[in-house]
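Read through the structure below, which is laid out as C-alpha cells, and then see the notes.
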Protein chains: 2
Amino acid sequence: MRRMTARPGNAHQARLLKLLRDGGPNSRAQLGDQVDLSRSKLAVEVDRLLETGLVVADGLAASRGGRRSHNIRLNPELRFLGVDIGATSVDVAVTNAELETLGHINHPMDVREGPVAVFEQVLAMAAKLRASGLAEGFDGAGIGVPGPVRFPEGIPVAPPIMPGWDGFPVREALSQELGCPVMVDNDVNLMAMGEQHAGVARTVADFLCVKIGTGIGCGIVVGGEVYRGTTGSAGDIGHIQAVPDGRPCACGNRGCLEAHFSGAALARDALEAAQQGLSAELASRLETNGDLTAVDVAAAAAAGDATALELIREGGNRTGQVIAGLVSFFNPGLVVIGGGVTGLGHTLLAAIRTQVYRQSLPLATGNLPIVLGELGPAAGVIGAARLISDHLFSPA
Amino acid sequence: MRRMTARPGNAHQARLLKLLRDGGPNSRAQLGDQVDLSRSKLAVEVDRLLETGLVVADGLAASRGGRRSHNIRLNPELRFLGVDIGATSVDVAVTNAELETLGHINHPMDVREGPVAVFEQVLAMAAKLRASGLAEGFDGAGIGVPGPVRFPEGIPVAPPIMPGWDGFPVREALSQELGCPVMVDNDVNLMAMGEQHAGVARTVADFLCVKIGTGIGCGIVVGGEVYRGTTGSAGDIGHIQAVPDGRPCACGNRGCLEAHFSGAALARDALEAAQQGLSAELASRLETNGDLTAVDVAAAAAAGDATALELIREGGNRTGQVIAGLVSFFNPGLVVIGGGVTGLGHTLLAAIRTQVYRQSLPLATGNLPIVLGELGPAAGVIGAARLISDHLFSPA
DNA sequence: CTACTTTTTCCACTCACAGGACAAAGACGG
DNA sequence: CCGTCTTTGTCCTGTGAGTGGAAAAAGTAG
C-alpha cells in the first residue's frame, strides 16, 4: 500500500484519532459521548478522517437497544516502528495504529559502536520485520536512545555512555532512511510513556519512572506530559551522590548512584564477590559463563544465595535513598521501577520501598504506590510508538 | 467605591487583562500587536472590558508617527491583598491590579499560635493598610502559609510546623472575613511566583526557587506554572537526607537538610559556638541580645568572624549538595535562592554554587545561573497578589 | 497646505457549530 | 407479522464569532 501521509486537519480530528488509538474501534455515537461536539459536527469531522484514509469503516457495532451503528477504526494497515536503543542491545517492534505490538525483536549490540553501525543494525531489523509480512512500510517511527536528547531536533547532546553520538542528527538521518516521520527521545522517557499508555501508569497524571539498566535514569511525567528539562537532561539521576566519598564514577565524581548500583556496578560487585570466594553460587556461574552480569545475580538471588541477595538489598537501599529525596521533592502519585534489573524483583522493590517509606514524609508517601513496570522490555518500544503517534495525531 | 466583581467573559478578555497587568497601560494598537486577533474583534472585547469596569481609559498614548491612540489600563482603584504568613512573622501588602506594591507591613508572630490568632493579626494589618488610605476594600487576596496546602480548597494539610492548622478552611474563612475571593498556597510557591512576576525569573519557564528560612522549601515551576504535586507537598526538600546518620530532626529521621541548615539550625549552632567560646563576635552578641538568630550570624560573618563564616559555608555545602541532586533530576533553567537567610549573601551563594557545579553534570549546569532572589521579603506578598490576580483574570 | 502614517470604526462576508427535524434501522411486545 | 419505541445517522437552517477591506479620524513631516 501507499504509506499514509495525512495528518489531522484540526484539534477535533486529532482528539478523535487519539480516542480511536486508545479505545480501539468505536461507533460515531460512542465517540460522540466522549467529545463535546454536536452530532452534525462530529459526522463532518469523521467523514473528513475517512476521506484521508487514516480511518476506515469497520462493520456494525453491538446494539445499544436501537438502530445499530457502524463502527469506525484507525486504518489497520498503518504501521509504526518502535526502536529502543539500549546500552547493550537494541529492541525493534512493529505496531499498528492502535499501538498493539505485532512483532518485536531484540538484538545485542553495543551502543558505543556508534550511530552508523547501530542504524545499520536497526534498519536490518526493521527490514526483517517487514519481510516477515508484518508491514509493507512504516508510517512513522519513534527512537529511544540512552542519553539526553535535544528533543525538537532529535539530536543527542553530550551523552556520557554514547561517545560518537554527540550532535549526530538521528531524527533526520533515520527519517531519510526509513522514508517516514521520526521522533527521538531519551529511552527512559519512552519507557515512562509506554507504562503510561499500556502499563501501570494509565490513570496517573504525575509520576516517576525509574529505569535501572546499564545506567540509571528517571522519566518524569507532569500533568500527563513528559518533562524533559531545559536542556533535555531532566531525569538524569544516575550521577546524584548516593554515598559521600563513595566509589569513583566515570563522570569524575565519587559516590554517584550509578557507581554503586546499576547493571554495570552489580556485575562488577558480583565478580568481586565471586573472586573473593564469598559466594559459591556466583563463583560457579562465573566458571560456566566466563563472566557475570546482573542476570546471574538475579538467578543467584532466586536460588537463595545470601551474597547476591545482600548485593541487591544494598543497591536497593541506595536507590531507595535517592528516590526518597525525589519523592519529597516531586510528590508523585506513583513510582514505577523498570529496566534490565527488573529481574531482581521483589527483593529490590522491598529495599527501595523500605527506604522511601522511612525517609519521606507521610503526606508524600501516604498513598504512594511503588511498583515494578508491567511491560518489561516492551515498555520502550511501545513508548516509542506512542511518541510518534502523538506527533502524527496532532494538527500539522 | 463598590468592589469589582466582574470576571473576564472569555479567554480573549483574560489574555488582555493579563497583558495589561504585566505590561501596564497600553493602546489598543499595542495590544493588537501582542494578541492574534483582528482589530475589530479586539475592539469588541476591549469595549466589553470597559463596560465591566475592570479596565478604564487612560489618556493619549505616545505617538508612533501617525494618529495618536488612546491608552487603556486596568482600573487603578482595584486592590489586591497579599499575605505571607511565615513561621515567625506575617507580611501583608496592598497592590493595585498591576501588582505594584502600594503598602507593605510586617509583624512578628508565631504561626504556632494557631489560625484564629494569626488571622486576627492579619485582619488588623489589613485594616491598618485600609485606614492609611491605600485601599477602601479588596477585590481579592492571596494567602501564603508555611506548609503544604490542598490547593483547590485552600486548606493546609498535615503542616509539620503549624500544629492547629491541619484542615482549617483558610480560604473559606478569610473569604468570609475579607468579603472577597481568596486563594491559598504554600509560601514557597508564592515566592516563586513573585520572582517570576517581578524578579529574577521573569524570562524562565522551568526553574527552582529554594527558600531558606525557619525551614527549607523549594518552589517548582514547570512551563511557567507552579507544580504542586499530587498532594500539594511538592518541593518539601527540608527533610531530604543530607547527612547519613546526621542530626536528629523533628520529623523523626536523622540527617535531614533542615536539621543541619535552616534559620533554626543556624541559630542553634551559633548558640553552641558562642557558649563554647569559639567566637568572640557571637558571644558578645549573645550577651547583648540574650539570644542568637540567623541575623546575628549574618552580622558576625559580615564582620569577618571566622566561626560564623564557617557555619554558613558548611550549611551552604549541605544545601548545595541537595540542590545538586535536584538540578540533575529537574534540569532547571535557573535556581533562585531566597528566604530569611538571604542576608548571608554571597558566602552562602558561593558555597552552594561550588557544590552544584562540582556535582552535577555539565549538560545540566552549563548554562545554569544560581542567583539570590531579587525581591527579598516582598517576593511572597507579590506572589500572593499574583496568585489571586491569575485566578480573577481567568474566565469564570 | 499636502502627502503620508497610524489608529479606529464600520460593514459585509465567511465559517464553524449547534440543534431541531426527519429518515433509517433495528429492538420488542403483542 | 405489525405497530411502537429507541437509537443512530443525515440534512438543513439559524446564530454568533471572527476576518479583512474600506473609509474616516487624527495625527506627523516637509
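We name chains A, B, ... by the order of the sequence lines, and we start the count at 1 in each one.
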Which nucleotide wins on minimum distance to the side chain of [X], given the candidates [options]?
{"X": "S40(B)", "options": "dT10(D), dC10(C), dC17(C)", "value": "dC10(C)"}
{"X": "K41(A)", "options": "dA21(C), dT8(C), dA16(C)", "value": "dA16(C)"}
{"X": "A29(A)", "options": "dT8(D), dT10(D), dT9(C)", "value": "dT8(D)"}
{"X": "R39(B)", "options": "dC17(C), dG26(C), dA22(D)", "value": "dA22(D)"}
{"X": "E45(A)", "options": "dC17(C), dT7(C), dT9(C)", "value": "dC17(C)"}

Under the criterion salt bridge (charged side-chain N to carboxylate O under 4.0 Å, His left out), which of R73(A), R21(A), K18(A) is the partner of E98(A)?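 Exactly one option meets the salt bridge (charged side-chain N to carboxylate O under 4.0 Å, His left out) with E98(A), and it is R73(A).
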Once you round it to whole Å, what is the distance between [atom2] of [N] and [atom1] of [X]?
{"X": "H70(B)", "N": "dT6(C)", "atom1": "NE2", "atom2": "C1'", "value": "13 Å"}
{"X": "L42(A)", "N": "dG9(D)", "atom1": "CG", "atom2": "P", "value": "9 Å"}
{"X": "N26(B)", "N": "dT8(C)", "atom1": "CG", "atom2": "C1'", "value": "16 Å"}
{"X": "R28(A)", "N": "dA24(C)", "atom1": "CZ", "atom2": "P", "value": "17 Å"}
{"X": "L37(B)", "N": "dT8(C)", "atom1": "CG", "atom2": "C1'", "value": "16 Å"}

Assess the residue pair I72(A) and D58(A) against the criterion (side chain to side chain contact (heavy atoms under 4.5 Å, CB included)); give the C-alpha distance rounded to whole Å, side-chain angles, the decisive distance to 0.1 Å, and a yes or no. CA-CA 5 Å; I72(A) 55 172; D58(A) 185 47; 5.9 Å; no
Under 4.0 Å between a side-chain N or O of H12(A) and OP1 or OP2 of dA16(C)?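 Answer no for this pair, as no side-chain N or O of H12(A) is under 4.0 Å from OP1 or OP2.
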Taking for each residue the nucleotide of DNA chain C with the nearest heavy atom, is it Q30(B) or S38(A) whose nucleotide lies nearer the 5' end?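 Looking at the nearest nucleotide for each, Q30(B) comes out on the 5' side.
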More 5' along DNA chain C: R68(A) or N10(A), using each one's nearest nucleotide?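 With R68(A) and N10(A) compared, the 5'-side residue is N10(A).
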Ignoring hydrogens, what is the shortest heavy-atom contact between M191(B) and C209(B)? Give both atom names and the distance.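 Taking every non-hydrogen atom into account, CE-SG, 3.4 Å.
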Measure from the side-chain N and O atoms of E45(A) to the backbone N and O of K41(A), and report whether any donor-acceptor pair falls under 3.5 Å.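 Looks like no, no N/O pair under 3.5 Å.
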